[in-house]
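When a residue number appears, it is its place in the shown sequence, counting from 1.
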Amino acid sequence: MRPAPAHVHQDRLWSSLTELAGFGRFHDSASDLYGVSRPALTPPDVEARQWLLRQMTDVGLDVWTDAVGNLFGRYDGTDPGIPPLMIGSHVDSVPQGGMFDGALGVLAAMEVIRALREAGHSLRRSVVVAVFTEEEGSRFGTDMLGSAVAAGRIPLEQALALRDADGVTLGEALEKTGFAGHGSVLAPPYAYLEVHIEQGPILSSAGVDIGLPTGVQAISWHELTVTGKAAHAGATPAHLRVDAAKTATRLMAALFEYAAARQDGGLMMTVGRMRLEPGVTNIVPRLASFTVDLRAPDDGLVTDAEAHLSGLVEREGQDGPAAALRRLARTQPVPFSEPLRRLVADVAGTLGYSRRSLISGAGHDAQEMAALCPSAMIFVPGLYDGISHTPREYSDPAACHKATNLLAHVVTALCGDDDRSALA
């Protein structure tokens with residue numbers, strides 16, 4: 001018999017979100033808002049993790065860390081031999097980001113555990129809260145890194161060898177911060193659920209309570225580097241220059257033109273980071289590099305764009321300054337579990353929550369966990385056109401409460417029933 005759902009506290013959830021946002025808090029003078037800068041394993045992220053460890057211990061969870069720094073806390077069920085349900089997200093952020101991305105999923109999971117304990121529920125199935133390492137990819141260059149290692153897509157040794165902009169490896173950062181644990185690939189959980197702010201405008205525009213993603217679109221990250229020759233900006237004639245910036249901007253313009261012609265099919269391209277060396281006003285750059293983010297629901301569009309990008313770089317290397325391309329990350333489109341999505345939708349209906357299906361434009365740990373077990377997500381509408389990865393990222397207490405309350409009801413439903421075939 002399924003226990004009655006636990007009571008989720010809106011004020012406590014909001015207080016936790018606010019407290020966690022204090023780690024890495026900064027003031028954005030352009031918007032006069034406060035945001036969060038908490039890249040993976042930087043001091044603010046370490047402080048946030050230590051705070052979470054205390055929270056997990058205080059609520060009575062059995063806590064451990066794996067070899068890539070993923071943090072887990074287990075709420076034991078009465079039958080510890082069956083696979084646990086996993087819920088969670090991440091707490092690392094992009095530089096100058098917002099307080100909800102990732103953090104909401106972790107704190108919603110913690111609020112569910114608190115509510116279960118207060119209600120005195122003894123669920124049959126254990127529940128594991130997961131806090132994955134370097135989901136954003138903003139420090140070590142590969143997004144969903146911790147969950148990709150846990151799911152077996154990225155080998156542990158490869159992950160530990162990744163370096164940040166200062167040359168520090170992930171392995172060194174884990175050792176220095178004390179988050180280097182043991183083991184890497186997870187035993188498959190029964191299922192995985194993740195609450196997350198939408199990071200887009202669809203739900204708020206439609207005026208619905210809950211988003212139910214059908215899956216995550218294909219994502220491809222690259223770094224393009226052009227090598228020229230440094231020269232004096234005034235004394236070197238134009239015909240004698242090997243200007244890395246000029247070549248890089250020409251390549252960039254060609255890519256934007258290519259993507260614009262295919263945007264109706266869903267292809268999106270973003271240049272998120274640019275770098276010039278030596279970076280001096282009166283010196284012709286000897287090096288120019290920029291990142292390329294390609295996304296589309298149709299993997300074929302991303303594959304074609306990758307081929308076009310490679311062709312541009314190859315032709316440039318033949319006719320002009322040396323150009324090189326390095327792949328940073330590549331993920332295929334990932335569909336979420338239809339049985340699990342239907343269960344979440346049905347429970348949302350019984351709670352009176354309006355809901356809408358949509359594709360996730362952003363990558364999430366849930367797409368990695370989908371390789372191990374049935375996985376799904378619960379999206380929360382974001383205000384201000386759903387903007388994210390900036391201090392303007394915002395949802396409201398009521399919306400966050402609804403998603404967390406829905407999570408609590410789904411957890412209760414899944415953990416009182418060992419019929420795995422229902423989610424196969």
- Could you please spell out the steps behind the side-chain hydrogen bond (donor to acceptor under 3.5 Å, both in side chains) verdict for Glu393 and Ser388? CA-CA 5 Å; Glu393 174 184 283; Ser388 184; 2.5 Å; yes
- Reference residue Val112; test side-chain contact (heavy atoms from CB on, under 4.5 Å); the match among Asn405, Val195, Leu407: Leu407
- Hey, what do you get for CZ (Phe72) to CG (Asp62), rounding to the nearest 0.5 Å? 12.5 Å
- Task: Quick one: closest heavy-atom pair of Ala259 and Met269, and the distance?
- Result: CB-CB, 3.7 Å
- Assess whether side-chain hydrogen bond (donor to acceptor under 3.5 Å, both in side chains) is satisfied between Asp66 and Ser184, documenting all intermediate values. CA-CA 6 Å; Asp66 71 7; Ser184 55; over 6 Å; no
- Item | Backbone N/O of Ala398 and side chain of Asp396: donor-acceptor pair under 3.5 Å | yes
- Begin from the C-alpha positions of Asp209 and Leu351 and carry the test side chain to side chain contact (heavy atoms under 4.5 Å, CB included) through to its verdict. CA-CA 11 Å; Asp209 298 321; Leu351 293 172; over 6 Å; no
- Query: Counting distance only, does the side-chain N/O of Ser37 pair as donor-acceptor with the main-chain N or O of Gln96 below 3.5 Å?
  - Reply: yes
- side chain to side chain contact (heavy atoms under 4.5 Å, CB included) against Arg25, all qualifying residues, sequence neighbours excluded: Tyr34
- Message: Taking Val8's backbone N and O only, do any of them form a donor-acceptor pair with His401's side chain (distance below 3.5 Å, no angle check)?
- Response: yes
- Could you go step by step and tell me if Val411 and Ile87 meet the side chain to side chain contact (heavy atoms under 4.5 Å, CB included) rule? CA-CA 9 Å; Val411 167; Ile87 55 178; 4.2 Å; yes
- Task: Would you confirm whether Gln10, through its side chain, and Trp14, through its main-chain N or O, come within 3.5 Å as a donor-acceptor pair?
- Result: no
- Query: Stepwise, does the side-chain hydrogen bond (donor to acceptor under 3.5 Å, both in side chains) test hold for Asp365 with Ser147?
  - Reply: CA-CA 6 Å; Asp365 293 312; Ser147 54; 2.7 Å; yes
- Task: Name all pairs fulfilling the ring pair (Phe, Tyr, Trp, His ring centres under 6.0 Å) condition that reach into residues 351-373, sequence neighbours left out, sorted by first residue then second.
- Result: His196-His364, His364-Phe379
- Can you sort out the partners of Arg356 under salt bridge (charged side-chain N to carboxylate O under 4.0 Å, His left out), two or more places apart, ordered by chain and number? none
- Query: Any ion pair linking Arg330 and Glu306 (charged N to carboxylate O, less than 4.0 Å)?
  - Reply: yes
- Any idea which heavy atoms bring Pro39 and Pro95 closest together, and the distance? CG-CG, 4.3 Å
- Message: Less than 4.5 Å apart, side chain to side chain, heavy atoms only: is that true for Leu328 and Arg326?
- Response: yes
- Task: Return yes when atom CG of Asp28 has more than 12 non-hydrogen atoms of other residues, nucleotides or ligands closer than 6.0 Å, and no otherwise.
- Result: yes
- Donor-acceptor contact present, side-chain Tyr192 to main-chain Gly88, <3.5 Å: yes
- Item | Ion pair check, Asp264 and Arg262, cut-off under 4.0 Å | no
- Task: May I ask you to check whether over 12 heavy atoms, not counting those of Arg273, lie within 6.0 Å of atom CZ?
- Result: no
- Compare all side-chain heavy atoms of Phe179 with those of Val46 and state whether any distance is below 4.5 angstrom. yes
- In short, ring pair (Phe, Tyr, Trp, His ring centres under 6.0 Å) pairs touching residues 251-281 with sequence neighbours left out are Tyr258-His308
- Report yes if the side chains of Val149 and Val185 come closer than 4.5 Å at any heavy-atom pair, otherwise no. no
- Task: Supply the atom-to-atom distance Ile378 CD1 to Arg355 CZ, rounded to the nearest 0.5 angstrom.
- Result: 12.5 Å
- Task: Could you give me the CA-CA distance, side-chain angles and deciding distance for Cys400 and Leu104, then say whether side chain to side chain contact (heavy atoms under 4.5 Å, CB included) is met?
- Result: CA-CA 8 Å; Cys400 296; Leu104 174 59; 4.0 Å; yes
- Query: Who passes salt bridge (charged side-chain N to carboxylate O under 4.0 Å, His left out) against Glu277, sequence neighbours left out?
  - Reply: Arg275, Arg286
- Task: Grab the two heavy atoms, one from Gly272 and one from Thr291, that are nearest each other, plus how far apart they are.
- Result: N-OG1, 3.4 Å
- Query: Which of these passes side-chain contact (heavy atoms from CB on, under 4.5 Å) with Pro333: Val302, Ile219, Asp299, Val216?
  - Reply: Asp299
- Message: Any carboxylate oxygen within less than 4.0 angstrom of a Lys/Arg side-chain nitrogen, looking at Asp164 and Arg139?
- Response: yes
- Which value, rounded to the nearest 0.5 Å, describes the distance between Leu193 atom CG and Leu414 atom CG? 6.5 Å
- Query: Is it true that a side-chain atom of His90 and a backbone atom of Asp92 form a donor plus acceptor pair closer than 3.5 Å?
  - Reply: yes
- Message: Restricting to salt bridge (charged side-chain N to carboxylate O under 4.0 Å, His left out), what partner residues turn up for Arg341, sequence neighbours left out?
- Response: Glu338
- Is Glu198 reaching over with its side chain to a backbone N or O of Pro381, donor-acceptor style, under 3.5 angstrom? no
- Item | Close side-chain approach of Ser15 to His9, heavy-atom, < 4.5 Å | no
- Task: State whether the side chain of Glu368 and the backbone N or O of Arg153 hold a donor-acceptor pair below 3.5 Å, judged by distance alone.
- Result: no
- Thr133 side chain to Val68 main-chain N or O, any donor-acceptor pair under 3.5 Å? yes
- Message: Heavy-atom count check: over 12 atoms from other residues, nucleotides or ligands less than 6.0 Å from His182 NE2?
- Response: no
- Message: What's the separation between atom CG in Leu255 and atom CZ in Arg250, rounded to the nearest 0.5 Å?
- Response: 12.0 Å
- Take Leu160 and Thr169 through the side chain to side chain contact (heavy atoms under 4.5 Å, CB included) test and state the conclusion after the steps. CA-CA 6 Å; Leu160 295 179; Thr169 68; over 6 Å; no
- Message: Once rounded to the nearest 0.5 Å, what's the spacing between atom OH of Tyr190 and atom CD1 of Ile82?
- Response: 8.5 Å
- Is NZ or CZ of Arg38 both nearer than 6.0 Å to the six-membered ring centre of Phe23 and within 45° of the ring axis? no
- Task: Compare every heavy atom of Leu162 with every heavy atom of Phe140, then report the nearest pair and how far apart it is.
- Result: CD2-O, 3.6 Å
- Message: Using every non-hydrogen atom in the two residues, find where Ala288 and Leu276 come nearest and quote the distance to one decimal.
- Response: CB-CD2, 3.5 Å
- Task: To the nearest 0.5 Å, tell me how far Thr249 OG1 sits from Met252 CE.
- Result: 7.0 Å
- Query: Taking 4.0 angstrom as the limit, do Arg49 and Asp45 come out as a salt bridge?
  - Reply: yes
- List the steps, then state whether side-chain hydrogen bond (donor to acceptor under 3.5 Å, both in side chains) holds for Arg74 with Ser126. CA-CA 7 Å; Arg74 183 182 180 105; Ser126 299; 3.1 Å; yes
- Taking all non-hydrogen atoms of both residues into account, name the closest pair between Leu123 and Cys415 and its distance. CD1-CB, 3.7 Å
- Between the side chain of Glu194 and the main-chain N/O of Ala366, is any donor-acceptor distance below 3.5 Å? yes
